[in-house]
Visitor: 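Sharing a structure with you now.
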Amino acid sequence: MKRKLFRVIGTLLACMGVMMLTTSQRLSPHFDARPAIAAMTRRGIINDRASWQTIRAQTDDGRQITSVTQLSRLLQRANRHSFAVSNIKQVEHHQLPSLVTDHRLKLINVPGFFSQRRAIQKQYWQRLQALLKQASPASQLILNFASNTGGLAEPMIAGLAAIIPDGTLYTGLDNHGRAFPRTLHHGHLSDSLGQESLTFQPPKRLYFKHITVIVGEQTASAAEITIMALKRNPHVTLVGHPTAGYTSLNSGVYLNTGAAAVLTIGTLKSAVKIHGQQLFNNQPLIPDVTTLYQPLAPTRTGHHRQSAHLDPDFISELQTIARSQGSQ
């Protein structure tokens with residue numbers, strides 16, 4: 001198979017990547033990890049260069065790496081957002097946005113999404129555009145990113161373009177400090193560091209006096225990047241708990257067996273300060289309003305696991321916040 005660079009932004013490491021990798025088996029004696037190690041060395045955001053040099057020496061620049069699982073663990077030691085999968089299709093998921101009523105609060109669920117097929121991407125952003133239009137006119141809008149573990153930011157941004165001002169959304173910074181701005185202008189989302197351009201029919205601008213974005217510890221990667229773009233709208237308020245902290249840009253390398261290495265090649269500079277911070281290198285986004293309860297409800301199997309459903313106590317807090325906004 002011809003090796004080529006593919007572009008991906010923030011694929012679902014936080015809740016799916018590790019699980020997928022634990023099932024990967026030794027591929028073959030001919031598995032060649034050298035392109036991934038070379039690309040990470042050349043382009044990667046590596047927080048401990050000395051440790052990475054040791055890894056290179058111990059693996060003979062990847063010649064001694066014999067499985068996807070081994071490669072993934074080594075890449076994560078270089079950067080927590082980097083990983084590898086036996087096939088990029090392992091991380092595909094196509095859940096679409098939905099409008100729901102939860103304890104008399106209407107909100108739009110913005111789920112994680114990853115597909116390399118443009119037709120499926122279009123379904124996602126057109127559904128999200130339609131839901132925003134359906135929610136308008138109203139003074140309040142609630143977007144639920146609590147269980148969005150990432151995937152592709154492009155369809156999320158296109159779907160929310162009616163409430164994201166045109167201009168520079170954020171800037172990627174490579175490992176030499178060079179800046180690559182990501183811009184939105186009349187339905188064109190520019191390409192940038194490890195990211196594809198996207199052109200779509202620009203939706204009519206929508207106005208909401210208060211836009212509440214629910215975030216939590218499962219809000220990761222492409223979701224965090226999309227929220228950076230949303231924060232350019234001065235009416236957006238982040239509510240919940242700090243996000244997962246995969247605020248960096250990824251690109252990928254196909255390997256000879258069909259496996260894929262997803263490499264972190266950029267840090268981020270948000271267009272506006274988020275809780276006083278503008279430069280991000282896998283730090284979480286801190287909400288404007290921190291709630292007492294986590295947005296996602298604990299599952300019955302353990303207090304440290306979370307379901308995809310909003311916690312009733314969090315909903316009560318959200319209702320109080322919504323009432324206070326409504327009185328303003």
Side-chain angles (χ1 to χ4, degrees), residues 1-46 52 55-56 58-95 111-124 149-155 191-198 220-222 225 246 248-266:
M1 175 180 180
K2 182 180 179 181
R3 296 189 194 115
K4 61 179 180 179
L5 188 70
F6 68 90
R7 291 177 171 183
V8 353
I9 184 169
T11 321
L12 328 167
L13 173 64
C15 295
M16 292 185 65
V18 173
M19 177 185 69
M20 296 288 186
L21 292 168
T22 57
T23 63
S24 69
Q25 303 296 318
R26 185 185 181 93
L27 296 181
S28 79
H30 305 295
F31 173 61
D32 187 1
R34 289 177 299 170
I37 299 299
M40 191 69 185
T41 302
R42 185 175 66 256
R43 301 185 64 196
I45 301 297
I46 300 170
W52 181 247
I55 289 171
R56 290 180 59 196
Q58 291 176 342
T59 64
D60 192 14
D61 281 330
R63 292 176 180 85
Q64 302 302 318
I65 298 174
T66 58
S67 72
V68 172
T69 300
Q70 183 186 7
L71 173 62
S72 186
R73 289 171 179 165
L74 294 174
L75 291 174
Q76 287 176 38
R77 286 171 60 183
N79 190 296
R80 67 193 295 260
H81 202 181
S82 300
F83 62 101
V85 287
S86 296
N87 190 304
I88 197 64
K89 290 183 178 180
Q90 288 179 281
V91 293
E92 286 205 5
H93 61 304
H94 305 154
Q95 185 178 355
F113 174 88
F114 181 78
S115 174
Q116 293 183 299
R117 294 173 58 189
R118 186 52 57 90
I120 298 177
Q121 295 175 17
K122 188 175 183 179
Q123 290 177 13
Y124 184 99
T149 56
L152 286 177
E154 289 83 1
D191 61 2
S192 186
L193 185 61
Q195 304 160 88
E196 289 186 339
S197 64
L198 177 65
S221 195
I225 291 168
Y246 290 91
S248 52
L249 298 176
N250 283 354
S251 186
V253 174
Y254 280 122
L255 303 177
N256 64 322
T257 58
V262 179
L263 312 177
T264 307
I265 63 167

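What's counted below: heavy atoms across the whole structure, side chains too, no hydrogens, waters or symmetry copies.
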Visitor: Answer yes or no: is there a side-chain heavy-atom contact under 4.5 Å between Leu71 and Leu255?
Guide: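 Heavy-atom side-chain distance check passes, below 4.5 Å.
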
Visitor: Once you round to the nearest 0.5 Å, how far does CZ of Phe114 lie from CG of Leu152?
Guide: 5.0 Å

Visitor: Atom CD in Gln116, atom CD in Glu92: separation rounded to 0.5 Å?
Guide: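 Answer for the CD-CD pair, Gln116 versus Glu92, is 6.5 Å.
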
Visitor: Taking all atoms of both residues into account, what is the closest heavy-atom pair of Gly150 and Ser221, and its distance?
Guide: CA-CB, 4.3 Å

Visitor: How long is the span from the CG atom in Leu74 to the CD1 atom in Ile65, to the nearest 0.5 Å?
Guide: 5.0 Å

Visitor: Quick check: does any side chain N or O of Gln90 sit under 3.5 Å from a backbone N or O of Asn87, one acting as donor and the other as acceptor?
Guide: yes

Visitor: Ignoring hydrogens and angles, tell me if any N or O in the side chain of Ser72 forms a donor-acceptor pair with the backbone of Phe83 under 3.5 Å.
Guide: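 Side chain of Ser72 to backbone of Phe83: no pair is present.
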
Visitor: Take Thr149 and Tyr246 through the test side-chain contact (heavy atoms from CB on, under 4.5 Å) and record every step on the way to the result.
Guide: CA-CA 10 Å; Thr149 56; Tyr246 290 91; over 6 Å; no

Visitor: Looking at every non-hydrogen atom in both residues, tell me the closest pair between Leu263 and Ala36 and how far apart they are.
Guide: CD1-O, 4.0 Å

Visitor: Which pair of non-hydrogen atoms, one from Ala259 and one from Val68, has the smallest distance, and what is that distance?
Guide: CB-CG2, 3.8 Å

Visitor: With a 3.5 Å distance limit and no angle check, can you tell me whether Tyr124 reaches the backbone of Pro111 through a side-chain donor-acceptor pair?
Guide: yes

Visitor: Rounded to the nearest 0.5 Å, what separation is found between the OG1 atom of Thr264 and the CG atom of Leu249?
Guide: 9.0 Å

Visitor: Indicate the atoms forming the closest heavy-atom contact of Thr66 with Phe31, along with that distance.
Guide: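 It is C-CD2, 3.6 Å.
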
Visitor: Gln64 side chain to Asp60 main-chain N or O, any donor-acceptor pair under 3.5 Å?
Guide: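 Checked: no pair found.
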
Visitor: Of all the heavy-atom pairs spanning Ile265 and Arg43, show the shortest one and how long it is.
Guide: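 Scanning both residues completely, I find the closest heavy atoms to be CD1-NH2, 3.2 Å.
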
Visitor: Go through the structure and list residues passing side chain to side chain contact (heavy atoms under 4.5 Å, CB included) with Arg118, not counting sequence neighbours.
Guide: Gln121, Trp125, Glu196, Leu198

Visitor: Please round to the nearest 0.5 Å and tell me the distance separating atom CG of Asp32 and atom CZ of Arg34.
Guide: 4.0 Å

Visitor: Grab the two heavy atoms, one from Ser82 and one from Leu75, that are nearest each other, plus how far apart they are.
Guide: CB-O, 3.8 Å

Visitor: With rounding to the nearest 0.5 angstrom, report the NZ to OG distance, Lys122 to Ser115.
Guide: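 Atom-to-atom, Lys122:NZ and Ser115:OG are 14.5 Å apart.
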
Visitor: Give a yes or no on whether the backbone of Gln195 and the side-chain of Ser192 come within a donor-acceptor separation of less than 3.5 Å.
Guide: no

Visitor: Is a donor on one side and an acceptor on the other found under 3.5 Å between the side chain of Asn79 and the backbone of Ile45?
Guide: yes

